[in-house]
Protein chains: 2
Amino acid sequence: MAQSTPEGGSGWGPPGAGQEVTVPVPAAAGSGPISHAIFRLARLHRMFAGQLLRRIGLHPGQELVMMHLWELGPQRQADLVRLMDSDAATMTRTVRRLEQAGFVRRRPSPTDKRASLIEPTAASHALRREVEQVWSQLEDLSTAGLSDDECTAALRTLERLERNLVQAAADSTGANRER
Amino acid sequence: MAQSTPEGGSGWGPPGAGQEVTVPVPAAAGSGPISHAIFRLARLHRMFAGQLLRRIGLHPGQELVMMHLWELGPQRQADLVRLMDSDAATMTRTVRRLEQAGFVRRRPSPTDKRASLIEPTAASHALRREVEQVWSQLEDLSTAGLSDDECTAALRTLERLERNLVQAAADSTGANRER
DNA sequence: GGAAATTACCTGTCCGAACAAGTAAATCAC
DNA sequence: GTGATTTACTTGTTCGGACAGGTAATTTCC
């Protein structure tokens, strides 16, 4: 991992704010500062989550599935896909790996022969506290030194960016074919 | 802590949109609102970048390599790894794919028989404007409707979160072995 | 000069993510 | 009821990303 040492951010130029940036902004990415910041933050965040989850035998993404199952009980894969806004193919493999790891069991749906219900195993419940601890820890690390107001503001900022992209995606797919 | 959970994050329904295009925040993730927001934003952002890059024959990540090469000229793989804070193994494969795609060429380093210099091909320069356009477009979509001040604030927020994680990573690695 | 550590790169493996394509079952339309 | 469409799921492929391990060249230190 070896995140580079804090050092000179090549100021990209907005008014006033001439503060140091902690990350290498090698000017090549000066093009899209926000995009690049999202990219780097995401990478770091994912790496951190992976590092924490690794200790409890999960990979990033798997813990989300487990959390949904613990909270909502048995779900079909399609439900999990919808809950996580994920991909059906990815879910197939993720569930299979969770099954092989013994955290999940499949049961054929009584009402739909196409579907199977995914349910957490008894063994998996021992993980629940640990997973919640990991998420809590990750949240604390991310928001270290931020006041409640700042956290709220940060959350709003992230959601605003997300909303923009959701909107753009809706526009672009909607432009092609009316849904 | 940091458990603000402002009203489940819902409530932004675009007026009149007869569909719940927005994002599922299924309470299971209410645990770490910031973490989850980062996760979702990153996923969307990456998906969008991939969609845009796909049209010009690149995959997410490859464009970063190319941008560095265009800007800095021939680099060793190790340099690219450092510039992108990436992984050596990943870089090996990324460079090979870029080479197979004809965007990059390898030349043995004159001073170091272990290393090879990666340089952009002439053909690749036709891509440069398109790549920059993609980044510009991505930035515009992300920051749609944001004022300059809001953009700056958003950037600072992202960098603050990143700095926290960088710090946490430095702490955890530094705790194990003093560097 | 020569052993030991470091550096640069490659390969294998596993994972999530996305796309394409396919199968089977359920639902809809007529 | 039959045919068309939709839904649920699977597999194959390709990519980035991370880890483990391996080779060769370089540097460090004695």
Side-chain angles (χ1 to χ4, degrees), chain A residues 1-3 39-40 42-55 57-66 75-101 103 106-118 169 173 179, chain B residues 39-40 42-55 57-66 75-82 84-101 106-118 169 179:
Chain A
M1 46 214 75
Q3 187 71 6
F39 180 80
R40 292 195 316 267
R43 226 158 103 54
L44 244 188
H45 187 266
R46 182 186 181 82
M47 189 196 68
F48 232 105
Q51 198 173 326
L52 293 175
L53 286 170
R54 166 184 258 276
R55 303 176 189 169
L58 289 177
H59 291 267
Q62 297 184 342
E63 93 282 13
L64 262 256
V65 175
M66 295 310 301
Q75 301 283 316
R76 302 177 311 152
Q77 283 186 205
D79 296 328
L80 293 173
V81 166
R82 206 173 337 108
L83 284 167
M84 293 180 55
D85 196 23
S86 176
D87 182 87
T90 298
M91 190 54 68
T92 291
R93 292 177 245 258
T94 297
V95 165
R96 185 171 52 207
R97 282 158 190 153
L98 284 173
E99 190 181 16
Q100 288 168 351
F103 297 138
R106 303 169 105 112
R107 180 161 39 102
S109 166
T111 67
D112 190 334
K113 283 183 183 172
R114 299 169 299 177
S116 58
L117 290 176
I118 316 298
T173 65
R179 175 80 70 105
Chain B
F39 181 81
R40 291 196 315 266
R43 225 158 104 56
L44 244 186
H45 187 266
R46 183 186 180 81
M47 191 195 67
F48 231 105
Q51 199 174 323
L52 292 175
L53 287 171
R54 167 184 258 273
R55 302 174 189 169
L58 288 178
H59 292 265
Q62 296 183 343
E63 93 282 12
L64 265 247
V65 174
M66 294 310 301
Q75 302 283 315
R76 301 176 312 151
Q77 283 186 204
D79 296 328
L80 292 173
V81 166
R82 223 171 292 127
M84 294 181 54
D85 196 23
S86 178
D87 182 86
T90 299
M91 192 54 68
T92 292
R93 292 177 245 256
T94 297
V95 166
R96 185 174 49 205
R97 282 159 190 153
L98 285 172
E99 190 181 15
Q100 288 168 349
R106 303 169 104 112
R107 177 161 42 98
S109 165
T111 67
D112 190 334
K113 285 181 182 171
R114 299 168 300 176
S116 57
L117 290 176
I118 316 299
R179 170 78 69 115

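Values reported hereafter were calculated over all heavy atoms of this structure, with side chains retained and with hydrogens, waters and symmetry mates removed. Just so it is clear, the model here is predicted, and its values are computed rather than measured.
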In whole angstrom, what separates B:Ile118's CD1 from C:dC9's C1'?
10 Å

Main-chain N/O of B:Gly61 paired to B:Glu63 side chain as donor or acceptor, under 3.5 Å
yes

What is the distance, to the nearest angstrom, from the CZ atom on A:Phe48 to the P atom on D:dA18?
13 Å

B:Arg76 CZ - D:dT26 C1' separation (whole Å):
11 Å

Note: A:Val81 and A:Asp87 closest approach over all heavy atoms is CG2-O, 3.9 Å

Identify, between A:Asp87 and A:Thr111, the residue whose nearest nucleotide on DNA chain C lies closer to the 5' end.
A:Asp87

Is B:Arg114 side chain donor-acceptor paired with the C:dT7 base, going by distance under 3.5 Å alone?
yes

B:Asp112 CG to D:dT27 P, straight-line distance once rounded to whole Å:
7 Å

For B:Ala42, is there any backbone N or O sitting under 3.5 Å from a side-chain donor or acceptor partner on A:Arg46?
no

I'd like to compare against my own output: the B/S/- annotation of nucleotides 10-16 of chain C with a strict under-4.0 Å heavy-atom distance to protein.
BBBB-SS

Rounded interatomic separation in angstrom, taking CZ from B:Arg107 and P from C:dC9:
14 Å

Send over the distance from B:Leu58 CG to D:dG16 C1', rounded to a whole Å.
14 Å

Correct closest heavy-atom pair for A:Arg76 and A:Ala115 would be CD-CB, 3.9 Å

Rounded to whole angstroms, how far apart are NZ on A:Lys113 and C1' on C:dT23?
16 Å

Closest approach to the side chain of A:Met47, judged atom by atom: which nucleotide of C:dA17, D:dA18, C:dA8 is it?
D:dA18

Hey, does the side chain of A:Arg43 come within less than 4.0 Å of D:dA18's phosphate (OP1/OP2), counting only N and O?
yes

Please state how far atom CG in A:Asp79 lies from atom C1' in D:dT7, giving the value in whole angstrom units.
12 Å

Please tabulate, for side-chain N and O atoms in residues 90-97 of chain A, each donor-acceptor pair with protein atoms closer than 3.5 Å (sequence neighbours left out).
| from | atom 1 | to | atom 2 | distance (Å) |
| --- | --- | --- | --- | --- |
| A:Thr92 | OG1 | A:Gln77 | NE2 | 3.4 |
| A:Thr92 | OG1 | A:Ala88 | O | 3.2 |
| A:Thr94 | OG1 | A:Thr90 | O | 3.0 |

I'd like to check A:Arg106 versus A:Ile118 (side-chain heavy atoms, cut-off strictly below 4.5 Å). Are they in contact?
yes

Distance-only, no hydrogens or angles: does the B:Gln51 side chain make a donor-acceptor pair with backbone N or O of B:Ala49 under 3.5 Å?
no

